[in-house]
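Note on naming: letters A, B, ... go to the chains in the order of the sequence lines (proteins, then strands), and numbering restarts at 1 for each one.
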Amino acid sequence: VSTASLPGVTRPARRRRSGRAQTDLTRSAGLGLGVGMIWFSLLVLIPLSAVVAKTVGGGWEVFSHTLRNEQTWAAIKLTVGQALLVTVMNVVMGTLIAWVLVRDRFRGKRVLEVVIDIPFALPTIVAGLVLLSLYGPRSPIGINVANTRSAVFLALAFVTLPFVVRTVQPVLEEIEADVEEAAASLGASRFTTFRRIILPSLAPAIAAGAALSFARAISEYGSMVLLSGNLALKTEVTSVRILTYIENGDTAAAAAVATILLLIALTVIVLLDVLQRRVARRG
Amino acid sequence: MLVSALVATACGSSSKAAAPEGATPARDVTLSLVGYSVAKTANNAAEKAFQATANGKGVKFTESYGASGDQARAVIGGLKADLVHLSLETDVTKLVTANLVAADWNTGPTKGILSSSVVVISVRKGNPKNIKTWADLVKPGVGIVTPNPGSSGSARWNILAAYGQIIAGGGSDADASAYLTSFFKNVVALPGSGRDATTAFLAGTGDVLISYENEAILARQQDQPIDYIVPDTTLLIENPGAVTTTADPAAKDYLDYVISKAGQAEFAKVGFRPLVDVGTVKVTGANNPDKPFPAPTKLLTITKDFGGWSAAAKKFFDADSGLVTQIQKATGKSS
C-alpha cells in the first residue's frame, strides 16, 4: 500500500479534478486529512459557525441596530483604521528588520533575534503595563500617549511586530545572492533588483505576515485595558464594546459585532492575497 | 441516584455522630470558590481562619477570581463552583435563573450579602490637588480614573455613587445628569476593571481614582502612595454570595463562617466594612486604623435609592438608552 503513495504515482490523477479525487488519498493521507479536519472543525469552524449562527438567529434587526449604535460604530472605525495603519507599518518595518537580520552581520544580532519574539511571549496585560510605564504620564523619556488614539496604535504595533518579521525571514534566507548578482550584471539597478526580483518572491510571505498582524490587531484586548483608557467614541476598541454587550447580557449584539470583525478580517485577507499575487506576477 | 446520595449523606452524618465528642474527624473535601477579583484577599484570610475551626478542619479550597460578570457566566458555562462571591446581586440572579443557586439564597441573616464597602475617592499621597468632596472632582484640571462601567459590572457602583450624591443633596435628576456629564468630561481613563483602574492610577494616570474603600485600604497596606477620602454622601457596596445547588455541605459551613463575627473580622482586617458587630478591629492602611470605618453622613443603598440592580442597570447602563451610555457619548463628542 505504501508504494502507492509515491508522489509520482498520485500526482497525475490529482490534476484531473474529476469525481475520482477522493480515491486518490492513500489510507495514511486520508487519516491525516481526517484528523486535520476534525481538529480544525473543533477548534475553529464550529465556534465560528456558532458566532455567525447566533448573529443570524438575532436577525437583521439586531445586526443593523448594533451597527447603528454610534459608540459601536466609532469603535469599529477606530479598531479597523488603527489595525490597517499598524499593518502597513509592519509590512515596512517587519521587512526591514527581517532584511537586517538575514543580510547584515552586527553585534547583538543574536540578542535581537530572540528579543523580536517577546511581544508574542509577554501576556498582553503586561505589555500594556510596560508600555504605560514607558509612554504614559510617568514616562522617563517624556513621551505620554496614554489614553489617546496613539496609545491604541502603539499597543497594536507592539503586539503585532513579530508577524511580518517571522514570515519574511525564512523566505529571505532562501533567496540566493547569485540571483541578485545576475540581475546586477545584466545592468539592473539595486532598486530594480529589489522591485523585480526580491519583492515578488517575498510578496507571499509579506502578505501572510500582514494578514496575521491585521487579524491580531482587530481582536486585541489585553494591552488596551490599561493603556487606551477605553474612552467612548475616542479610544474605545471593538473588543471592549463586545465585552460591554456581554456584560449587559446582550449576546446577540456581541455576536453581531464579532461577525462584523470576522467579515472585515476575511475581506482584508482576501484583498492581501489578490495584491500579493499581483506583485508576485510582476517578477 | 437520589437514593444513593441520601444514603451517602445519612452515612456521613451518622459516622460523624458516632465519633467521640471533641474529636471530629477532619473533613477531606476541596471546595471550589468562584469570586470577583477584589474578593481574593478577604477570602484567603477567611479560609485560613475557617480551617482553624472544628468545621473547617481538613477543608481545602481551589479558587478562581475574575470580573464578576465573567465569573457568573463561567459558572453557568460549567465552571465547577461550590460557592460564589460576586460583586453584583444581578450576577447571582443569573445563577438562580440557571438553577445553579437556590431561589432563597438571599433570605439569610445578611440577606445573601457576604461583604460590604463604600465608594471612596482615592488621591495621590498628600492630596496635591486638595480634593475633599464630589464637587471637587468636576473642577477643571482634575483627571478622573474609574473602571469602565460598560464592561465592568463592579465599576457601576462608582458611577451610581457620583449620581446618587446629587439626588441625596436635594438635586433633581437633571442636576445629577449634569454633574455626571461634567464628571465624564474630566475622566481620563476607564480601565477594564477595578484592579486595572488602580494599576493605571498607580502608574501615573489621572489625579483621582474612584474606588472602593477596601481597595484603597489594601493598596495602602501594600505601601502604595495613595490617600483616600470617604465622602459625606456615598454608596454602600454590597457583594453577594451563595452556595450552589450541587455544593458540598462544607460550603454552607464556610459561608456561615464568613458572615459570622469571626469571619467578618477577617474581612475587616483587609478593609471590608463588617456586616455584623465585630468589636474593635485594628485595620492597618485605614485613615484611622483604630476607627477604620467612619460612618458617612448619608449612606445610599442600591435597593433604597436606585430600586435595585435590575432597574439601575436598565436605567443607567443600557447599551443604547442608558443614561450613562448617553452621557459618555455626549462627552466623547464634545472634546
For each of [options], tally heavy-atom pairs with chain A at distances under 4.5 Å, and name the one with the top tally.
options	answer
B:P191, B:A67, B:P149	B:P191
B:G153, B:G150, B:S151	B:S151
B:G69, B:G206, B:A203	B:A203
B:A200, B:S152, B:S193	B:A200

Without hydrogens or angle criteria, can the side chains of [X] and [Y] be said to hold a donor-acceptor pair below 3.5 Å?
X	Y	result
B:D173	B:Y163	yes
A:T66	A:Y245	no
A:N248	B:D318	no
B:E238	B:T301	no
B:T325	A:Q71	no

Donor-acceptor contact present, side-chain B:T244 to main-chain B:A81, <3.5 Å: yes
Parallel, tilted or perpendicular for B:W309 and B:F317, by the 30°/60° rule?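 B:W309 and B:F317: tilted rings.
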Any ion pair linking [Y] and [X] (charged N to carboxylate O, less than 4.0 Å)?
X	Y	value
A:E220	A:R216	yes
A:E113	A:R166	yes
B:D227	B:R220	yes

Looking at A:E236, A:R68, A:H65, A:M224, which one has more heavy-atom pairs under 4.5 Å with chain B than the rest?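 Between A:E236, A:R68, A:H65, A:M224, the count favours A:H65.
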Is the count of non-hydrogen atoms from other residues, nucleotides or ligands lying under 6.0 Å from B:Q222 atom CD greater than 12? yes
Under 4.5 Å from any heavy atom of chain A - which part of [X]:
X	answer
B:V187	both
B:L202	backbone
B:R156	side chain
B:S68	neither
B:N148	side chain

Using non-hydrogen atoms only, which part of A:R241 is less than 4.5 Å away from chain B: side chain, backbone, both, or neither? side chain
Chain B contacts: which residues in residues 115-140 of chain A have a non-hydrogen atom closer than 4.5 Å to it?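 So far as heavy atoms go, A:I125, A:L129, A:L132, A:P137, A:R138 are the residues that approach chain B to under 4.5 Å.
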